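Remember, it's a predicted structure, so these values are computed and weren't measured experimentally. Convention: sequence-line order gives letters A, B, ...; per-chain numbering from 1.
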Amino acid sequence: MANIQITFPDGSSQEFPQGTTALEVAKSVGPRLAAEALAAKVGDQLIDLSSKLEASGPIQFITPTSPEGLEIFRHSSAHLLAAAVTDLFPDAHPGIGPATENGFFYDFYRETPFTEEDLKKIEAKMQELVKANLPNERIYYSKDEGVKVFEQMGEFLKCELIQEKADPVFSAYQTGKFLDFCRGPHIPSTGRIKAFKLLSVAGAHWKGDERSHPMQRIYGTAFFSQKDLEAYLHQLEEAKKRDHRRLGKDLDLFSIQDDAGPGLIFWHPKGGVIRREIEDWLRAELTARGYDLVFTPHTMRLHLWETSGHTNFYRENMFGAMEVENDQYQLKPMNCPGHILIYKSRVRSYRELPMRLAELGTVYRYERSGVMHGLMRVRGFTQDDAHVFCMPEQLETEVQACVEFAFLVLKTFGFDRYQVELSARDPEHPEHYAGTVEEWNLAEGALMNTLKRMDIPFKYMPGEAVFYGPKIDIKLVDAIGRPWQLTTVQFDFNLPPRFGLEYVGSDGHLHTPVMVHRALLGSIERFFGVLIEHYAGAFPVWLAPVQVVVLPISDKHASYAQAVLEELRRAKVRVQLDDRNEKLNARIRDAQLQKVPFMLVVGDREAQNHSVAVRRRDTGDAGSRPLAEFIGWARQLIDTRAAKW
RNA sequence: GCCGGCGUAGCUCAGUCGGUAGAGCAUCGGUUUCGUAAACCGAGGGUCAGCGGUUCAAGUCCGCUCGCCGGCUCCA
């Protein structure tokens, strides 16, 4: 038998007989590697340890520390889950079960729902299968043969998948009695899975199609060590404490009320302060960047939305039209038509371009009942919207300015977890899009050049563009790792021709302008939600609804406390006096829980030399200093919008 | 919209087998005047989400509706 040459990551190589398994190669390196290895990688292909090596080449072993290690491990955990479920519940038909970012899930079709108790039973069965240390065996089938095997087992969902996706010869994995159509690779046996937990059961749809069978999805997570698992569960608990819905109530920032309806936000005084700070900052920046601030009506004639095309492609997201004097009016789901009407109100010259119309525009969208989520997904919200009307040759400059502005937003509010996506058209289906191929090439080129020139890493997403133009999106991540879209910069090849927009060029002829939609914060509501979670409610001084609390030690110090209060007010610091009949400790505790940045304790000593004893929210007692000095410090933190101090 | 869970005082929650509702915190009144994360005493506060049904009797069992939570789907 011929020998093959296997090269290791350190560059050394060794000969093995053809057909040697990856595991045997690992053993030749050392027993420790053989014990730790989960799978192997040949070239860029992942294989099982039981796979036979047929050709010379490099090999790499996947261990718990490899980037792919956890994913393979969790995928095998999903199989373990399915093995346990099919064993306990013969009427449960497995669908699909992949690894996810934080764990894994498996979807089952079953008439009766799984209960919490069922999850416990399943977990116990999984433990049992771990103890049995069942091998994950790979079996090859021809397509016809495979379909027959799964048909005999009554696994109609698997048959469907095989018919749709399987190669003429495909692999399946056997774990105990459970057989799954699966590409692999898998860890050698179930005995390796020690730290796992089933987390929840939720509804899903077969193949993600809403009209298809309802499925039951069991979520779980698995780690290489019990310690890692516990750390993850602890992190979930911590994240819950940052949930903006929890903090919104505890800090009295906003509410959503049954009497008013779901998805409609009430901004309480404290939330209102933060919103005003955000908006004031934004308006100043918009003005400095050559935007014009406008206001447009909240309801307009329905025919306007027919012209824009919304009644065709956006109807299911619009509130119903209302009748006024035999005419139909529509609550606005977007601001674009309003801005377009301002543009159209008179003849425009190329000298006026680019024209940047900005509005904090409140829109209403009908969201289906199951999708609302705190401030993140609502039915009424305010966008920091703007539309830039310009000539094609101005596009790139305008896009760059938008992206730079977006990054200033991220920096100002201290966001560091985000991802940038460029959504382009699907080149296979040019007929799905408005505008010509030339226009699209120009627009996609402008977007991509901008990102590349600015050295911003991004995900290129062909086929993800909306029909009217390509876009750049920036998504931020919430407390439990869910991404939320905020910033969007989008081209629009659709609306300018639909509304017959034009400008007089330097050549004296009429031309159609190009239009860019952009929102940086996205919606003020969603932005606020992400912001609350980002700071866990402990806002930097410039945003904190109450920046300073004055705490007189006893009634004797009331008049000095009052003087301190007034001096801070004159310096335009948001300050409150807490002179309730409570012990100092209790009042400090309340201020801490309200996450007030500074507490000023005043007693005899402070009254005597016009000073304050400063307590910081984060590090506690910071000693006494003259009142004037503290005010200077506070003002500086506010004026510079300091994130840390 | 779909699947599952949940809804008791302002908040967090208890309430057994169906027998007419309770705690802590918060609020209000009083006492206490205090130096860096919860003083003490007392009082008020409920359409048990809503509507309907079963029953001698429903917070508890059944149905419908509304809302919330976790997902799915959707998301210009």
Side chain of [X] only, heavy atoms from C-beta on: which candidate in [options] is closest?
{"X": "A:Arg580", "options": "B:rU27, B:rU33, B:rC34", "result": "B:rU27"}
{"X": "A:Leu593", "options": "B:rU36, B:rG70, B:rA37", "result": "B:rA37"}
{"X": "A:Val371", "options": "B:rU73, B:rA37, B:rG71", "result": "B:rU73"}
{"X": "A:Lys583", "options": "B:rA38, B:rA39, B:rG4", "result": "B:rA39"}
{"X": "A:Arg246", "options": "B:rC34, B:rU12, B:rA38", "result": "B:rU12"}
{"X": "A:Ala586", "options": "B:rC72, B:rA39, B:rC74", "result": "B:rA39"}

Evaluate the criterion side-chain hydrogen bond (donor to acceptor under 3.5 Å, both in side chains) for residue pair A:Ser77 and A:Arg74; output intermediate values, then yes/no. CA-CA 5 Å; A:Ser77 304; A:Arg74 285 171 170 170; over 6 Å; no
Under 4.0 Å between a side-chain nitrogen and a carboxylate oxygen: does that hold for A:Arg217 and A:Asp107?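 Salt bridge flag = yes for A:Asp107 with A:Arg217.
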Using the [atom1] atom on both, measure [N] against [M] and round to a whole Å.
{"N": "B:rC64", "M": "B:rG71", "atom1": "C1'", "result": "25 Å"}
{"N": "B:rU12", "M": "B:rU16", "atom1": "C1'", "result": "22 Å"}
{"N": "B:rU55", "M": "B:rG45", "atom1": "C1'", "result": "31 Å"}

Determine which nucleotide pairs with [N], using a 3.5 Å limit on both distances of a Watson-Crick or G-U wobble pair.
{"N": "B:rG24", "answer": "B:rC11"}
{"N": "B:rG46", "answer": "none"}
{"N": "B:rG35", "answer": "none"}
{"N": "B:rC74", "answer": "none"}
{"N": "B:rG52", "answer": "B:rC62"}

What class does the angle between the rings of A:Phe630 and A:Phe598 fall in, given that below 30° is parallel, 30 to 60° is tilted and above 60° is perpendicular? perpendicular
Please tell me which of A:Glu111 and A:Asp621 maps to the more 5' nucleotide of RNA chain B, matching each residue to the nucleotide holding its nearest heavy atom.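 The residue closer to the strand's 5' end, by nearest nucleotide, is A:Glu111.
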Side chains of A:Asn335 and A:Gln383: donor-acceptor distance under 3.5 Å anywhere?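 Their side chains do contain a donor-acceptor pair, which is all the 3.5 Å distance test asks for.
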Across the strands shown, which category fits A:Arg605 at heavy-atom distances under 4.0 angstrom: base, sugar-phosphate, nothing? base
